Amino acid sequence: MNAHLVIAIDGPAGAGKSVFGAALASVLQAMCIDSGIVYRAVTWIALARGLDPDDDTTLSPVAASMNLQIVPPTVQDGRQFTILIDTEDVTWALRTPEIDRTVSRPSALPGVRRAVTEQLRHLARESRVVMVGRDIGTVVLPEADVKFYVTATPETRARRRADELHARGQEADVADILRSIIERDARDSGRATAPLRPAHDAVHIETDNLTVDVEVAFALDVVKRCLRSATAPETNDV
Ligand code: DC
């Protein structure tokens, strides 16, 4: 089994990257890091402290020094893990429509991105890692062994997000969510620093009509083939 394995998964909001990444990581016995959580955490702190979400000078030290922990689930309410900022459980607080609407702003700041990228690279030194985000294959981990770019139509993504909110007993208007997703896509793709785009060597997966099991089976096949063509015979064993 390959000891060190780095997989980058990028794509727009709601494309199904996180669920796919977690499932793939579980099969590969890898750590799954959802980098969006880190940008959401910076945004949550900005809103909680009344800081300007567009002010890089204020927010980059926040991004560099915040006490963010991702631990196994402490409550059985559908979460994949528990997220703590200092000691506060912010798992669902990072997923509110207000954070969804605001998160692209701190994410566009070069100093914030530098601080977050540094932390993410540090985490990726661990061993086997599946990292999910917008710029993982292009900026954070350009040397990743395998890169995936996961997409779905905005309509599919909005419907999934609404289902997710309904499952947690929250109100959700698909048309509002669709508008917010389209705006976020435009901001994530249009920003000057590390815009959302596929790495030239990424394998594309369109998830509209795929189950997670099918995606994972396809991805495992790609991983095996990439490792086989990259190096020695022992890499056949993913
Ligand atoms: O994947 P997500 O929806 O949780 O990400 C939240 C925001 O964070 C997204 O709008 C863009 C930003 N992000 C980013 O700019 N770069 C990443 N690697 C991950 C997320």
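First listed ligand is number 1; within each ligand, the first listed atom is number 1. As the structure is a computational prediction, the values presented were derived from the model and not from experiment.
Its side chain within the 4.5 Å cluster rule, Ile177 clusters with Leu165, Ile181 among the Ile, Leu, Val, Met, Phe, Trp and Tyr residues.
Other residues, nucleotides and ligands place more than 12 heavy atoms under 6.0 Å from the CZ atom of Arg187.
Within the structure, no pair that satisfies the side-chain hydrogen bond (donor to acceptor under 3.5 Å, both in side chains) test touches residues 211-221, not counting sequence neighbours.
Asp135 and Asp10 make their closest contact through N-OD1, 3.1 Å (heavy atoms, listed as atom of the first residue, atom of the second, distance).
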Which pairs of nitrogen or oxygen atoms, taken one from ligand 1 and one from the protein, are under 3.5 angstrom apart?
| unit_1 | atom_1 | unit_2 | atom_2 | d |
| --- | --- | --- | --- | --- |
| ligand 1 | 1 (O) | Arg134 | NH1 | 2.8 |
| ligand 1 | 3 (O) | Arg40 | NH2 | 3.0 |
| ligand 1 | 3 (O) | Arg134 | NH2 | 3.2 |
| ligand 1 | 3 (O) | Arg184 | NH1 | 3.1 |
| ligand 1 | 4 (O) | Arg40 | NE | 2.7 |
| ligand 1 | 4 (O) | Arg40 | NH2 | 3.3 |
| ligand 1 | 10 (O) | Arg184 | NH1 | 2.8 |
| ligand 1 | 10 (O) | Asp188 | OD1 | 3.4 |
| ligand 1 | 10 (O) | Asp188 | OD2 | 3.1 |
| ligand 1 | 15 (O) | Arg113 | NH1 | 2.8 |
| ligand 1 | 15 (O) | Arg113 | NH2 | 3.3 |
| ligand 1 | 15 (O) | Arg191 | NH1 | 2.8 |
| ligand 1 | 15 (O) | Arg191 | NH2 | 3.0 |
| ligand 1 | 16 (N) | Arg113 | NH2 | 2.9 |
| ligand 1 | 18 (N) | Ser35 | OG | 3.0 |
| ligand 1 | 18 (N) | Arg134 | N | 3.1 |
| ligand 1 | 18 (N) | Asp135 | OD1 | 2.8 |

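Taking the side chain as every heavy atom from C-beta outward, Val132 and Phe148 never approach each other to under 4.5 Å.
Ser180 pairs by the side chain to side chain contact (heavy atoms under 4.5 Å, CB included) definition with nothing, not counting sequence neighbours.
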